[in-house]
Amino acid sequence: MGLLCLCLNCTMVGWAQNASLALSSTPVKGIGKISGLLIDSVSGKPVEYATVALLRKDSNVSVDGTLTDERGRFSFSKVPAGVYQLTFSFVGYQVKSIREVSVTDEEVEVGRVVLSSAGNKLQEITVVGQKPLVEDKVDRLVYNADQDITNTGGNAADVLKKVPSLSVDVDGNVQLRGSANVRVLINNKASTIMATSLADALKQIPAEMIKSVEVITNPSAKYDAEGTAGIINIITKKNAMPGLNGSAGFTVGTQNSSAFTNLSARRGKVGLNLNLGSFRYSVPKGYGMYRREVAEGGDIITIQTGDGRVHGGGGSLQLGLDYDLDSVNLFSMGLQMNTGRYQGNSAQETTTDQPGALPYIRNTNDYQFIPLGTDVNLDYTHIFKPQQELTLLAQFSQSNHDNLVNQDRFNSEDQLFYLQRNTNQNSNRELTFQADYSHPFSNKSTLETGVKTILRRAESNARYDIRYPLENQAAPEENMFNYQQDVVAGYLSYGLTLGKYSLKTGARFEQTLLKGDFTSTHTFLDETYGNLIPNITLSRTLKENHTLKVSYTQRIQRPHIFLLNPYRDNRDPKSIFFGNPKLDPELTHLYELGYSTFFKTSSVTTALYLRKVDNAIQQVTLGIDQGVAQNTFENAGKLLSYGLNLSGSTKPVPALSLNGNLNVYYNRLQGLGTQNTGWQYNLNVTTGYEVGKGLSAQFTGGFNSPRVTLQGRALSWQYYNLAVKKELFNKKGSVSVGVNNPFTRSINYGAETRTATFTQTNENRNFNRSVRLSFDYKFGQQSAGKAPRKKKAIRNDDVKQGE
């Protein structure tokens, strides 16, 4: 991992860009070329966006300047013959120079240039720079999870709660700037594990395996057109240092326990990475519902209360293999597997004065969910010259799920009058092929183009065995469906830098073919449509440390199979859910104006954004039928959302760091003959303090205001975590103690619904007050060798899921 200065973060990239552009004010003309690779002296990883200056050796006059790319590569073209000096600089590193570089009419390869980190000695304590918690990079915001000690012992859902612009509720539902239309990737790759149930998938990833989380709010044309709010990319830990290296650790706690191992080995042209993780958790929950229906004979009151527990465990495996045949032909393959067993039980009591309905029902549920997911990918990259590359990628994903649900209902005399036994087996398969090509030009512009196809297949076989013991009746039901979705896409993207201005624009076309056979409801789906998605981003560097950016793009959101399946889920005696096969995709227009700056030990990033959504897919309650709420999904109309996102970091004193993010936005939802509007916000704060002698403490907290929905609002909720960490064994190991919400008994992720005929309030309480103890240890050795390149990867950032 590259070391950065304690007091500054990667918004310094704006400074580096400006310095580079200033150096290039005197263009050079010739036929010579200079290229090389800049790496970190400790980690062996590439140093991104560092400034490289080309000077005449005899006079030290600036001739040209550039930045290293995301792989640490740099190059100069059209250099006249002569002797030059190269100077390399980046925040947190010592400046390094190569004194004599002789240029003729051939390309000069200076090879690997090593930068050493800068250290500062403060009051007899040597402080070495570390990566900041939050970085604002050129095209994305990066949250470095491995720098947040409050993450230890949690899972991916816990990590995402602390990422600026994101909010995650108790069930693992993720929102970006108030929208759930996001796509979550693992190491730049889509996974059927995520596509089937994002909430369950996040619980399967231990926090200790996560290196960082990237948030991309305005993806370029090279990304899939889906995910209207943006893309979330979870990067797992992958040690790229030569030799044999690794780490291991465990956590024991009142609600969560886990263990993990990361192992890497690299020798010569071959590199191997292995991540293993296991976890267990047990969380109590509480439920409640209060509904008032308007009726001619008087209001009808229905009250439901209950409690339960969700518990489970499982494991994950990630295996990666890199092979560099030579300097221009690179191969890699990867395997990811996740499995587990999730169980739950609950008991509900329902009372109502609905005419003709039982006045009292006691409902018990026992359920079990067993997932098994596998992803396999193969990648090949051919390098013609620096930044001119052809990449071919293929990926196969499959996830299988077994679901078991047992439900019993009792009347006021404690007699069993209804039982339901549900078994469901389903599978999702996905096959992806992708080709990308990038071509640089001498005027500091780059052309990118590519094609992609995604072939998806989903199958489900569910059986509901329903019996009425008091009436000696049985009513077995079956729900079978087959679904396929094929997407064919092509894109063209062009980037250009002119002085202080940078432009990136492009377009992507996607053709979608849908087919569905919902056997049990005799419903069929057969549809084809195409979408042309443009995008443009323009940025300007102001002075030394100010960057202004404006962008526009369109996005689409196809409905997930869960939203389309019309089968009626009646596990709750007072609330039924069913899908809508007539749903159309959403179309979103995204506008954003961003500004970032830094000064001394602080940085600030702001963004004004506007999002307009047509055919907005919303969960709605159509009405009450014989005391039972009828819930489904509709293209409810239009959504207008605009707001301000503000994030920043500062170090008022060397030992104290403060990071915060505030997102304030306004939503206007229209559809189904109604409209709902309102302001809302979410706030995240993280502060850390270095006590000294390897001891540190950290606090993380967040608050989410009430959020408007088409028919009501979601209630506010908050969280806070404390952790203390002590480094051991010369920083090779550490032990930490953490606590979640010590002064809060429970968090209520509830909602209110209001229509002309009824009002309803739901409670969903999570009792997550907990304590945990964690230990980890790093081991291994380093040897000299070449650091591997960053590999491109498949990104299937699509498919709208339920909120």
Side-chain angles (χ1 to χ4, degrees), residues 183-196 216 219-227 231 233 318-323 325 328-337 373-384 388-400 427-439 447-459 482-493 506-515 527-533 555-556 558 560-561 585 789-799:
R183 186 59 168 169
V184 179
L185 310 178
I186 301 292
N187 296 321
N188 297 311
K189 297 179 177 66
S191 169
T192 57
I193 302 169
M194 292 289 181
T196 303
I216 308 171
S220 67
K222 67 186 297 183
Y223 290 89
D224 288 350
E226 294 204 60
I231 297 170
N233 186 23
Q318 291 183 357
L319 177 65
L321 178 65
D322 299 328
Y323 175 66
L325 179 63
V328 298
N329 293 287
L330 314 174
F331 297 87
S332 66
M333 66 171 294
L335 170 66
Q336 177 176 318
M337 298 184 67
T374 304
D375 298 331
V376 180
N377 65 278
L378 299 171
D379 308 333
Y380 166 71
T381 299
H382 178 77
I383 305 170
F384 299 94
Q388 182 183 354
E389 300 179 0
L390 173 66
T391 306
L392 305 176
L393 309 101
Q395 178 174 292
F396 174 76
S397 300
Q398 177 163 333
S399 61
N400 299 318
S427 67
N428 288 270
R429 295 185 301 277
E430 188 175 277
L431 183 61
T432 305
F433 299 99
Q434 181 176 329
D436 297 293
Y437 174 74
S438 62
H439 189 97
L447 178 69
E448 297 176 292
T449 186
V451 294
K452 182 176 183 178
T453 183
I454 309 172
L455 308 176
R456 295 189 174 102
R457 301 293 183 270
E459 299 174 356
N482 294 280
Y483 175 77
Q484 73 177 63
Q485 180 190 94
D486 297 336
V487 180
V488 180
Y491 73 89
L492 189 67
S493 181
R508 183 183 187 92
F509 180 78
E510 294 192 351
Q511 184 82 11
T512 306
L513 299 91
L514 302 176
K515 287 188 177 182
E527 187 175 358
T528 301
Y529 53 85
N531 297 92
L532 179 63
I533 307 297
R555 308 289 290 168
I556 60 174
R558 304 178 185 92
H560 186 263
I561 182 61
R789 291 168 48 91
K790 285 189 176 181
K791 304 295 192 300
K792 292 186 178 180
I794 284 175
R795 295 178 171 94
N796 291 353
D797 32 42
D798 62 354
V799 182

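We use all heavy atoms of the structure for the numbers below, so side chains are in, but hydrogens, waters and symmetry mates are not.
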Roughly how far, to the nearest 0.5 Å, is [atom2] of [Y] from [atom1] of [X]?
X    : Y    : atom1 : atom2 : value
Q388 : L447 : CD    : CG    : 10.5 Å
D379 : F331 : CG    : CZ    : 11.0 Å
L330 : L325 : CG    : CG    : 9.0 Å
L392 : Y380 : CG    : OH    : 7.5 Å
T432 : L455 : OG1   : CG    : 7.5 Å
L378 : Q395 : CG    : CD    : 9.5 Å

Can you name the residues that form a side-chain contact (heavy atoms from CB on, under 4.5 Å) with Q484, not counting sequence neighbours?
R457, D486, K515

So, R508 and D224, do they make that salt bridge, N to O below 4.0 Å?
yes

Nearest heavy atoms of [X] and [Y], plus distance in Å:
X    : Y    : value
F433 : A394 : CD2-CB, 4.0 Å
E510 : A489 : CG-CB, 3.6 Å
S493 : A221 : CB-CB, 4.5 Å

Find out whether T374 and L335 are in side-chain contact, i.e. whether some heavy atom of one side chain is under 4.5 Å from a heavy atom of the other.
yes

So L514 and Y483, do their side chains get closer than 4.5 Å, heavy atoms only?
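Touching, per the 4.5 Å side-chain cut-off.
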
Judged by modelled atom types alone, do N428 and E430 share a side-chain donor-acceptor pair under 3.5 Å?
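On atom types as modelled, these side chains do not qualify, holding no pair under 3.5 Å.
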
If we count only N and O atoms by modelled type, under 3.5 Å, do the side chains of N377 and D375 hold a donor and an acceptor together?
no

Using 30° and 60° as the class limits, which term best fits the ring planes of H439 and Y437: parallel, tilted or perpendicular?
tilted

Between T449 and Y491 (side chain of the first, backbone of the second, donor and acceptor by atom type, cut-off under 3.5 Å), is there such a pair?
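Answer holds: yes.
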
The criterion is salt bridge (charged side-chain N to carboxylate O under 4.0 Å, His left out); which residues satisfy it with E459, sequence neighbours excluded?
R429

